[in-house]
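Structure first, then comments.
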Amino acid sequence: MQAIILAAGMGRRLGELTKENTKCMVPVNGVRLIDRLLTQLSQLNLSRVLIVVGYQGQRLIDHIGDRYADRLNIEYAENPVYDKTNNIYSLSLVKEQLQEDDTLLIESDLIFSDRLFQLITEDKNPNVALVAKYESWMDGTMVCIDSDHNIVNFVPKSAFNYSDIDTYYKTVNIYKFSKEFARNRYVPFLEAYTKAVGNNEYYENVLRIISLLNSNDLKALPIGTEKWYEIDDKQDLDIAEALFADEKDVLRKYYGRYGGFWRFPQMLDFCYLVNPYFPTQRLKDELRSNFDTLLTEYPSGMKVNTLIASKCFGVSEHYLIPGNGAAELIKILMEHQQGKTGFVRPTFEEYPNRYDPEQHVTFVPQNDDYRYGADDLMHFFADKDIRQLLLINPDNPSGNFIAKDDVLRLASWCEERHIRLVVDESFVDFSHNYATNSLLSDATLETYPHMAVMKSISKSYGVPGLRLGILASADKEMIARMKKEVSIWNLNSFAEFFMQIYNKHDSDYHRACAKFVEERDDFESRLRTIPFLRVMPSEANYFLCEVQPPYSASDIVARMLKQHNILTRDCSRKTGLNPDKQYMRIAVRDHADNSRLVEALKTL
């Protein structure tokens with residue numbers, strides 16, 4: 001068997017990265033694509049490796065040199081008109097060699113797991129295309145396959161239909177051809193096709209014609225969960241570096257993305273904190289039915305969106321400001337505060353990070369579970385001369401929760417001392433008795449005018465992509481001042497429409513919250529069966545777990561990601577946590593996902 005690598009393209013979409021190099025010379029995590037590929041091929045018993053070069057071809061040849069001479073017999077062919085042709089011409093240049101031996105045909109802009117070559121070489125079928133189930137990031141040629149894995153159609157970009165995506169597979173651009181297939185089928189069609197259509201085409205078009213003859217010549221081999229990526233632009237490169245990061249770097253590369261994990265659809269994310277049971281399919285269908293209008297029309301301005309938020313959340317519009325996620329409102333709120341501010345650590349870092357460290361007064365609970373109550377806060381801050389006090393309730397990552405009556409006692413204490421109490425209740429709807437725990441009501445806000453209540457709609461309502469949050473306070477001057485600091489169009493049309501229709505789905509939301517509480521209780525009991533985790537009680541949609549020896553949190557998190565494609569959070573270095581101990585934060589998802597995590601943890 002031989003391998004043919006197509007490496008003549010210019011890779012324009014990679015910008016300056018390919019200004020003086022062809023695409024396969026681009027490094028991923030410090031290793032060039034061509035070096036990774038040739039190392040993988042060196043594990044096979046190949047008669048030769050034939051590389052078709054073009055753009056910056058001599059640089060590629062010089063780079064390879066004789067470094068693989070003891071493992072691979074490398075030959076080259078040149079496409080001198082790489083800028084006027086496409087890969088069908090590159091392949092036609094080596095059509096004679098293609099007929100001399102069974103061949104692995106590989107495009108050079110790929111990165112993939114070592115196991116893919118084993119899959120395709122060990123498959124008993126002589127002519128095979130590796131394929132992956134369609135995912136949103138994929139571009140290029142798709143195929144349709146029958147129940148016997150025969151490829152019955154190649155679907156070019158021009159024929160792609162989004163209503164058919166459930167039936168599509170993406171070609172991985174790694175093929176195995178027998179020399180008989182090349183000699184009797186592919187090359188004759190290749191010659192006829194290029195003569196009729198020209199050389200600025202793709203070699204898959206020839207395979208498409210062959211598949212339409214119902215010959216069953218070419219089988220599809222789905223790769224399942226094996227990792228691979230095609231690198232066409234800088235975003236592809238960024239994602240590939242996360243997918244194929246070394247164990248010491250993998251968490252940094254994922255955590256540093258701060259979301260966008262829908263680009264890794266096979267990964268199970270136990271870091272980001274949302275409601276697994278809301279929105280319902282019914283609400284999503286209503287959003288979807290208005291998609292075209294929402295996409296192509298401007299949203300309303302602040303005045304209208306405040307009115308809609310008032311209707312949605314039951315707070316007077318004079319007391320309310322909607323934001324592009326709670327993050328927008330946190331930034332403005334903290335910039336308006338002055339003087340010393342009380343923080344509880346460990347906590348959600350966005351608040352202290354937005355405030356002058358010189359003005360921090362920090363309370364750290366002195367117990368192993370990081371529990372605290374209103375009396376603890378009043379006792380600690382009684383002599384601290386603070387101007388503001390921040391309470392995340394339930395707190396993140398500890399899951400500590402102070403009951404509503406006690407929060408109101410704390411609010412009264414703050415009123416007496418003219419202390420601004422900021423309560424972030426983004427997770428309160430996950431608590432037991434959630435329906436009565438919120439502070440969002442005119443009567444409560446008017447009783448405690450020094451109090452401000454923040455709520456991230458992303459988390460409890462399960463819609464982080466909408467970027468929606470609210471801040472409520474009876475301090476109308478503060479609210480009016482903050483409204484002047486945000487853009488008139490700070491909300492997008494989808495977020496506005498969500499608030500417009502939410503009340504019709506309110507009963508579904510309450511059922512989702514009740515279902516969540518049941519699932520969290522069940523998940524907690526199952527997590528407690530894991531011997532190396534000490535699970536702390538939580539009223540939020542996550543658990544803080546102390547990791548017991550001999551494991552470290554980073555060990556477990558890395559192994560969950562590398563071995564099970566499950567992302568969890570190592571928070572051992574979080575300010576306020578005991579630096580001599582190890583901690584993980586584990587989100588609560590639905591029952592199937594939670595079960596998958598528990599079973600993965602048991603493998604340790």
Side-chain angles (χ1 to χ4, degrees), residues 255 257-263 268-280 283-284 286-287 294 299 305-306 308-309 312-313 315 320-334 347-351 353-354 392-397 399 422-431 434 437-440 452-472 486-487 489-503 505-506 508-510 512-513 515-516 520 538-542 567 569 585-590 593:
Y255 289 167
R257 303 181 69 84
Y258 298 102
F261 291 139
W262 51 268
R263 293 186 177 89
L268 196 53
D269 177 14
F270 274 86
C271 286
Y272 282 83
L273 311 171
V274 294
N275 191 332
Y277 298 114
F278 198 82
T280 61
L283 190 152
K284 288 186 285 187
E286 187 167 359
L287 275 169
L294 299 175
N305 274 323
T306 301
I308 297 171
C312 183
F313 300 107
V315 176
L320 191 68
I321 175 172
N324 182 20
E328 179 187 41
L329 302 177
I330 292 170
K331 179 179 183 295
I332 299 172
L333 176 68
M334 300 309 287
T347 195
F348 179 50
E349 294 295 331
E350 188 68 14
Y351 287 94
N353 285 348
R354 292 292 182 179
I392 313 290
N393 195 46
D395 212 342
N396 179 8
V422 179
V423 181
D424 188 319
E425 61 169 49
S426 295
F427 302 104
V428 75
D429 291 350
F430 298 118
S431 62
Y434 60 90
N437 285 339
S438 176
L439 303 174
L440 288 174
V453 180
M454 186 79 73
K455 191 179 186 72
S456 167
I457 307 308
S458 300
K459 298 173 176 63
S460 54
Y461 292 80
V463 288
L466 294 184
R467 305 309 307 133
L468 184 60
I470 57 171
L471 177 69
V486 300
S487 164
W489 288 300
N490 69 324
L491 299 190
N492 62 64
S493 295
F494 293 92
E496 176 185 347
F497 188 70
F498 174 84
M499 292 192 297
Q500 179 178 314
I501 67 174
Y502 164 73
N503 293 107
H505 302 268
D506 182 67
D508 290 335
Y509 177 67
H510 285 283
C513 291
K515 186 175 182 180
F516 172 84
R520 181 187 58 213
S538 175
E539 288 288 306
N541 63 336
Y542 45 83
L567 184 65
R569 173 70 68 177
R585 191 192 68 193
I586 298 175
V588 182
R589 295 178 61 99
D590 65 22
D593 290 345

Is the Y502 ring parallel, tilted or perpendicular to the F313 ring (thresholds 30°, 60°)?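 Aromatic pair Y502/F313 classed parallel.
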Say you draw a straight line from [atom1] of [X] to [atom2] of [Y]; how long is it, rounded to the nearest 0.5 Å?
X	Y	atom1	atom2	value
N324	N492	CG	CG	7.0 Å
Q500	L294	CD	CG	8.5 Å
I321	N305	CD1	CG	11.0 Å
I392	D424	CD1	CG	4.0 Å
S493	F498	OG	CZ	15.0 Å
R354	E349	CZ	CD	12.5 Å

Counting N and O atoms only, with roles assigned by atom type, does the side chain of [X] sit under 3.5 Å from a partner on the main chain of [Y], one being a donor and the other an acceptor?
X	Y	answer
N490	V486	no
N541	V274	yes
R585	C271	yes
R569	F270	no
N275	Y509	no

Should [X] and [Y] count as side-chain neighbours, where that means a heavy-atom distance under 4.5 Å?
X	Y	answer
L333	V422	yes
E350	K331	no
V463	I457	yes
H505	D508	yes
V423	L439	yes
N437	E425	no
F427	S460	no
L320	I470	yes

Testing the basics here: between [X] and [Y], what is the closest heavy-atom pair and its distance to 0.1 Å?
X	Y	value
F278	A512	CB-CB, 3.9 Å
S426	S456	OG-N, 2.8 Å
S458	R467	OG-NH1, 3.2 Å
Y434	H510	OH-O, 2.7 Å

Show your reasoning for whether side-chain contact (heavy atoms from CB on, under 4.5 Å) applies to L468 and L491. CA-CA 7 Å; L468 184 60; L491 299 190; 4.0 Å; yes
Check against side-chain contact (heavy atoms from CB on, under 4.5 Å), N503 and C312: CA-CA 6 Å; N503 293 107; C312 183; 4.2 Å; yes
For the residue pair R520 and S538, confirm or rule out a side-chain donor-acceptor distance under 3.5 Å.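 Checked: R520/S538 side chains show no N/O donor-acceptor pair below 3.5 Å.
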Could you go through the side-chain contact (heavy atoms from CB on, under 4.5 Å) check for F497 and L287 one step at a time? CA-CA 8 Å; F497 188 70; L287 275 169; 3.5 Å; yes
Can you sort out the partners of R589 under salt bridge (Lys or Arg N to Asp or Glu O under 4.0 Å), two or more places apart, ordered by chain and number?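 So R589 forms a salt bridge (Lys or Arg N to Asp or Glu O under 4.0 Å) with D593.
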Go through the steps for Y461 and L466 under the test side-chain contact (heavy atoms from CB on, under 4.5 Å), then give the verdict. CA-CA 10 Å; Y461 292 80; L466 294 184; over 6 Å; no
